[in-house]
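In what follows, chains carry the letters A, B, and so on, assigned in the order in which the sequence lines appear, proteins first and then strands, with residues in each chain numbered from 1.
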Amino acid sequence: MGHHRPNVTAMLRYSLKRLTSLLISLAVASLVIFLVIEVAPGDPASFMLGINAQPDTVAALRTELGLDVPKWQRYLDWVGGMLRGDFGTSYTYRTPVAGMIGDRLWVSLPLALFALTLSTAIAFPAGIYAASRRGKPGDVAVMGATQLGVAVPNFWFAMMLVLIFAINLRWFNAGGFVGWDAGFWAGIRSLTLPAISLALPQAAILARVMRSSLLDILGEDFMRTARAKGLSRRQALWQHGVRNALIPVLTIIGLQFSFLLAGSIIIEQVFYLPGLGRLVFQSISSRDLIVVESVVMLLVFSVILVNFLVDLAYALVDPRLRTRT
Amino acid sequence: MNRSLIIGIALSSLVVCAALLSFVWTPYDHTVMDIPAKLQLPGPAHWFGTDHFGRDIFSMIMVGARTSIAVALVAVGIGMVLGVPLGLTAAARKGSWLDEVIMRGNDLVFAFPSLVIAILITAVFGAGAVNAIIAIGIFNIPVFARISRSAALSLWERDFILAARVCGKSGARISLEHILPNVTNLLIVQGTIQFSLGILAEAGLSYVGLGAQPPTPSWGRMLADAQTMVSFAPHLALIPGIAIILTVLGLNLMGDGLRDYLDPRLRISRT
Amino acid sequence: QTDITVAIQLEPPHLDPTSAAAQAIDSVVYSNIFEGLTRIMGDGSVVPGLAESWEISDDGLVYTFKLRDGVTFHDGTTMDAEDVKFSLDRARAEDSVNAQKALFDAIAEVEVVDPTTVRVTLSEPNGLLLFNLAWGDAVIVAPETIETIKTSPVGTGAFKFTNWVQGDKIEIEKNPDYWGTPAALDKATFKFISDPTAAFAAMMAEDLDVYVNFPAPENLPQFEADPRFQVLKGTSEGETILGINNKQPPFDDIRVREAVAHAIDRQAIIDGAMFGYGTPIGTHFAPHHPAYVDRTGISAYDPEKSRALLAEAGFADGFETTLHLPPPSYARRGGEIIASQLAQVGITAEIVNVEWAQWLETVFRGKNFGLTIVSHTEPMDIGIYARPDYYFQYDNAAFQDLMATLNRTTDPDERTELLGQAQTVIAEDYVNAYLFQLAWPTVAKAGVQGLWTNAPTAAIDLTGVSWAN
Amino acid sequence: MSLLSIENLSLSIHRFDILADVSLSVAPGEIVAVTGESGSGKSMTALAVMGLLPDSASTRGRIDLDGTDILKTPEPGMCAIRGQRVGMVFQEPMTALNPVKTIGDQVAETILVHKAMTPAKALDRAREMLDRVGLPADRFPLSRYPHELSGGQRQRVVIAMAIALRPKLLIADEPTTALDVTTQAQILDLLKGLVADYGMGLLMITHDLAVVADMADRIVVMRNGEVVEQGPTADLLVNMQHPYTRMLFAASGHQVSLPPPPAPVPLLQVQNVHRDYRLSRTRLFGDPGYFRAVNDVSFTLNRGERLGLVGESGCGKSTLTRAILGLENIQHGQILLDGQPVFTGHKPNLAVRRKMQVVFQDPFGSFNPRHRVDRLITEPFHLLVSPPTGTARQDAIAEALTAVGLRPQDAQKYIHEFSGGQRQRIAIARALITRPDLILFDEAVSALDVSVRAQILDLMAELCTAYDLTYLFISHDLSVVRTVTDRVLVMQAGQIVEAGETADVFTNPQHPYTQTLIAAAPQLPDLEALQRRQSHV
Ligand SMILES: Nc1ncnc2c1ncn2[C@@H]1O[C@H](COP(=O)(O)OP(=O)(O)OP(=O)(O)O)[C@@H](O)[C@H]1O
Ligand SMILES: Nc1ncnc2c1ncn2[C@@H]1O[C@H](COP(=O)(O)OP(=O)(O)OP(=O)(O)O)[C@@H](O)[C@H]1O
Ligand SMILES: [Mg+2]
Ligand SMILES: [Mg+2]
Ligand code: NI
């Protein structure tokens, strides 16, 4: 071997390669989204004007909204606009889509992060604990709980949380978002139940992955080496096991992100949170095509981006990937 | 046989039996409404009580099992039938443009959260069980493609595949003859897991109104209907919820059990 | 307490009542922010608004409005005849995007006589003109602020728009320079909560003061039983009907339509879908209207008769059709019940749940449906039966003549008589199956007073609302 | 006074007896080698000393390490002993290191975990140890990750870790089995040097008798969990008492005699072959670059000739095999079998393929576990225009199985029902069934125990007589190549550096690489000479 380039360039090269495929994916995704949504029946203009509107009024509105230009041109305008950071103007709201998405992001993003943090905060210790007690009552209990957690539909869990903590105990709001203006903690409070209902099923999956990947690692030769050095089981587990076990867990976190988004769309529905998920539902029912397209694009982008970041994170966790070309 | 497998099979077959039985018998006709008898608590007349239209919940749960199973099963079928050949092809042509195209296509589909796929499909074709199946099915394709590709790739490294190539067999033939049989265990296990995820997904889609349409009962829609009534009739939400949990639990236990049961490492140590 | 938080189901797409059909716009802005020449009161009566008074020529073709003096828009500019002309001309212009452009069809010309006088000339007499001008779609807007009306509306009302947090709330505050009786409240916030569970919980948690048109009737008994709350059981202008495609076989046969009507048990629907809230109707007319005639007897629940009629029409074994259901729960729940009731007489109605946009496209515009459920919330809209191209495609020349006469008639008694006839004609033709008048339940904290009980329009008029101490 | 003494150690796992009454001892500065065939319990003995037995193991007897009874010491006590008083080196250097930690950290960890020094001092000591095992600071900074090292280098790191605290006892379990001969020689020298320098006791486990004879002061021979014989090396070699010991040594030096090759008629011609592997792109649109695994290789294999190919791991032997088999395209040159090119694009030319078969190294991975033996060995029939069916097929199967020493009834079994040696016989049966002109053996006996290996070598010799085999025998094991080939090629880094008659090359290597290779290969002592000398004394 004679190729020990500095890690930075290797990292960069690795990122660049992933970045190209990311861009291609995004381009294809935008085309798919646009085509599907344009094919969907329903016209924003007639939706806005309701059942008493006259045909010429609808036509006038279509012109005003710019809906009568050819589809391919609308597509190019849309994509071109997005590249410049301009997502266009909502048909129904008549405000810039970017602004609407921005507002919603302030709900969806904190929710996703909150849920992700919560689920990792629960899953990691639980998984590590179970792995270190393999086969003992502690392990059996944790695994039983995760088995149950995986089986619980998050929206049902959300309903139960609402029933118990919002309706009966009145500790939390049953839904809605107070807005960050109301203060950080008030905002967190209104995201707590949604985040819990998203996080727990997620945590169950992660805990299982954490445990099994740790168990795999425990069987590795280097764990035996570590023990031969005089590390106790616990020391070996923490100092050599956890970081190695993180690699498959990261993959799962990346893959699960798409589930998390799908889940949060439903959960936003349950808790009536003004997030991106609701925006999709709302704009699809009002045929606010450009909003639907942009939000779906954003969701897809975020999944692709997260997986990209996960790939980069691998390289941080696993030095082998930094030099692998 | 291990404990997970036994419990899993027991739970799953309970659900399957209920679904099958519903074709010939349910305590009540699940479509008949008896509005004066609405919102009854579980009791001797109606074992699981009645819903807001006075329908018998026990019967609806039985028929709902049918919907859940049908949707999830067909969706897994779609995922397998399309995903596995794609994955095997990609593995057989590893590194080629075909592999690249298949895998990038997979990533692309994967980038669409299942619910978004469902929303897009229903926006075009309308809500319904068939479209829910398609949405979940599409989501399953990359799952199976990925898992079969990675399993196949490690098999392609094995000497017995090299031996088959030495014997002049084509990639397609090797995939069919040598790769496929050796990934079936994995596919069965993954299939069980996807099946349980399918049941959850179906419930989620029905809950937001994108799944099976009335009068076909669906556990997810029962939950959606129950949502405003949990405060005074919690059984409406509890019963379908528990049905979903037990089914998914059963399938997951079965999947785990099967994995242990079919794991070649464990089997070799037994022989 | 001088502020109030009012929740409604839907968030308005924007705040220009003159360029969209969304009821939510009227809910927020009508009479609070924007006013018209005339205005509708909580009891449905039409009273002077920005027009202090008016004169009608004897032939009923010329209306001369005398505007109130000293009315200013929230930006401080005065409201004068030019603004009125601008508003009306804008609404009826060629490229107008007014959702209710038909309201202005009769108007031939609008002239400014002097700053406080406007003359409106009609091409033919119209008995409903004053009522039409009271609609939210006919409010007076200022030309200078028309560009930004959708996001920061400037009107003449007792409240000024202050803030809109999209996805969450709109805030308005008292207009100190209001020309009329100033509002009792200093500040009002509109919240948008369409999810019934969230609505229930938010109300119970007392985060809201008022919820207008509460979405889940099943929860109302809990509020009624709670001394902290009052429930106003109002009715809306929404005639909820089972729309029938009169041109699509077999519904082109009146016997089939009659069979459908007799197959339906209205009370079961009201109990099952609306938990008892709603008034059965037998024709397309609001029961609280003075001209209402009860025609429910014509289509009483009688499955036997229904089956007989079907047999007579050649459908002894029933037939299959579609039932398109838009999102509101009256439609979705009602549809399930109706499908099951129709099944009892042998009609298989396949439920197709659709979004509003799809409903407009397939049902309303495409007329590609058998049955549908929808609540017609526009007030006094029996006139739609005179439009043969309307989605249920009822084409009856006699009825159309009747409506033409009605439009020209300005005498109240005569109008009542004509309306009565019209109601009977459509009931006897079984154009649609008439289900119930949609309830308009409002849940409020016990101390809130001055709310409208009924909803002659979708407006939530807060000008008269105050807290009892 | 001994450092380690194991007395009557018995061990069972889940009621399976693994060890029975094992007794042995190691004195300070002494090298004790434990040998015996696979599964005889060598590793278990070592793990018992480390106190790292599986949880389900139950033990009887006594293990005394420098006055401490290991079997009675509780876990925390053992943690203090491991690494401090006894170090251990394992077989697989590729996996024995944590891939995500630097080698410096890993070596220092041994010191830190015993709180023997401050972190800074520990790193200094780690540096010192790495220097000592031959990883100098300029080329191997502490910040290296394991994946940046070769196998031999990693094994040095593992050794550095084991000796960081100068333990009194070092246990090495097959420390060189996974390494090249040249590297093996270096590691063995290193271990010997450490024993001498530090006065450690070394308990070394190996199945390679040549290594044993070369290194050990004392030898312990194990079989089925029992010690069958032990004694000082010289004594034991001369007076082997137990038949098993004798068999083991006999099998290790097993020689076969091949029938003389016929007159040279070229069968396989390899001419100036290059095989390049494409590397991943370094820049987005740049030239990806290539790695040349086979570099300008030419040779001719005559009909009836047995040709050997030796070279250390990674030199390109398997790559060349795949190219000859026509499985991969080559970038330059040509490979002709009977005058026909072996690679014909995507669609294999069956007419050429029919003339070749191959036997692979791993007896476990060479067969589809889901097929029965009959189906497995008849797979080459795919190459035939009209494969035999019915009884003809049965007969062919029976004949092939009989030829390799199995019974025709075995055709109905699955592969997991056979031992490693039997599997390799089945692999040969598969290669023989179509009577190919050429068979390639890619490390065909490397994974087998010495005794089994001896049987397979015998089988090959027999088949040469019976079927006039022509083969290319690829191996890194010089002693094996020496006995089953007529001619040999020596490969280094993709190039053939030397070719010639096997006997000539081994006795009189020309190329320096060949010379090091042969010098590094451990030699079994000439037992007869030893015995003669002993009896003369
Ligand atoms: N974890 C375990 N559980 C049960 N049996 C085991 C376990 N590990 C090893 N064995 C059995 O113990 C016996 C001795 O194994 P050991 O690893 O000591 O053999 P070895 O002499 O080191 O062989 P090799 O040369 O192949 O390394 C074998 O029969 C093996 O199958
Ligand atoms: N697919 C591949 N892509 C890139 N490089 C490869 C590939 N396969 C093998 N190599 C490299 O080619 C060289 C020769 O490999 P080959 O497998 O032929 O070695 P070998 O002599 O058979 O070694 P061993 O004795 O370990 O089997 C090695 O350096 C290896 O890393
Ligand atoms: Mg061993
Ligand atoms: Mg090789
Ligand atoms: Ni290098």
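For B:F139, the part sitting under 4.5 Å from any heavy atom of chain A is the side chain, from C-beta outward, and nothing else. The parts of A:L148 that come within reach of chain B are both its backbone and its side chain, each placing non-hydrogen atoms under 4.5 angstrom from that chain. For chain A, the nearby parts of B:S231 are the backbone and the side chain; heavy atoms of each come within less than 4.5 Å. Contact annotation for A:I266: both backbone and side-chain heavy atoms come within less than 4.5 Å of a heavy atom of chain B. Looking at B:L238, the atoms closer than 4.5 Å to chain A (heavy atoms on both sides) sit in the backbone and in the side chain alike. Looking at A:F281, the atoms closer than 4.5 Å to chain B (heavy atoms on both sides) all sit in the side chain, from C-beta outward. Only the side chain of B:L108 has a heavy atom closer than 4.5 Å to any heavy atom of chain A.
Considering every non-hydrogen atom in both B:I245 and A:A151, the closest pair reads O-CB, 3.6 Å.
Side-chain atoms of A:F155 and B:Q227, non-hydrogen and from C-beta on, never get closer than 4.5 Å to each other. Put simply, the side chain of A:V296 reaches to within 4.5 Å of the side chain of B:F112, judged on heavy atoms. Annotation: side chain of B:F110 is not in contact with side chain of A:N307 (no heavy-atom distance under 4.5 Å). B:L200 is not listed as a side-chain neighbour of A:P201, based on a closest heavy-atom distance of 4.5 Å or more.
For the set B:L223, B:I199, B:V116, the entry with the most heavy-atom pairs within less than 4.5 Å of chain A is B:L223. Interface check for chain A: of the options B:S114, B:A237, B:P240, the most heavy-atom pairs under 4.5 Å are formed by B:A237. Your options are A:I304, A:I265, A:V292, and the one with the most heavy-atom pairs under 4.5 Å with chain B is A:I265.
Here B:L253 contributes atom CG and A:Q147 contributes atom CD; the two are 4.5 Å apart, rounded to the nearest 0.5 Å.
Shown here is B:F125, whose CZ atom has no more than 12 heavy atoms of other residues, nucleotides or ligands within 6.0 Å.
Only one option out of A:V36, A:V280, A:L35 pairs with B:L120 in a side chain to side chain contact (heavy atoms under 4.5 Å, CB included); it is A:V36.
Applying the salt bridge (charged side-chain N to carboxylate O under 4.0 Å, His left out) criterion to A:R208, with sequence neighbours excluded, gives B:D256.
The list of salt bridge (charged side-chain N to carboxylate O under 4.0 Å, His left out) pairs with a residue in residues 100-120 of chain B, not counting sequence neighbours, reads B:E100-B:R104, B:R104-B:D107, B:D107-B:R146.
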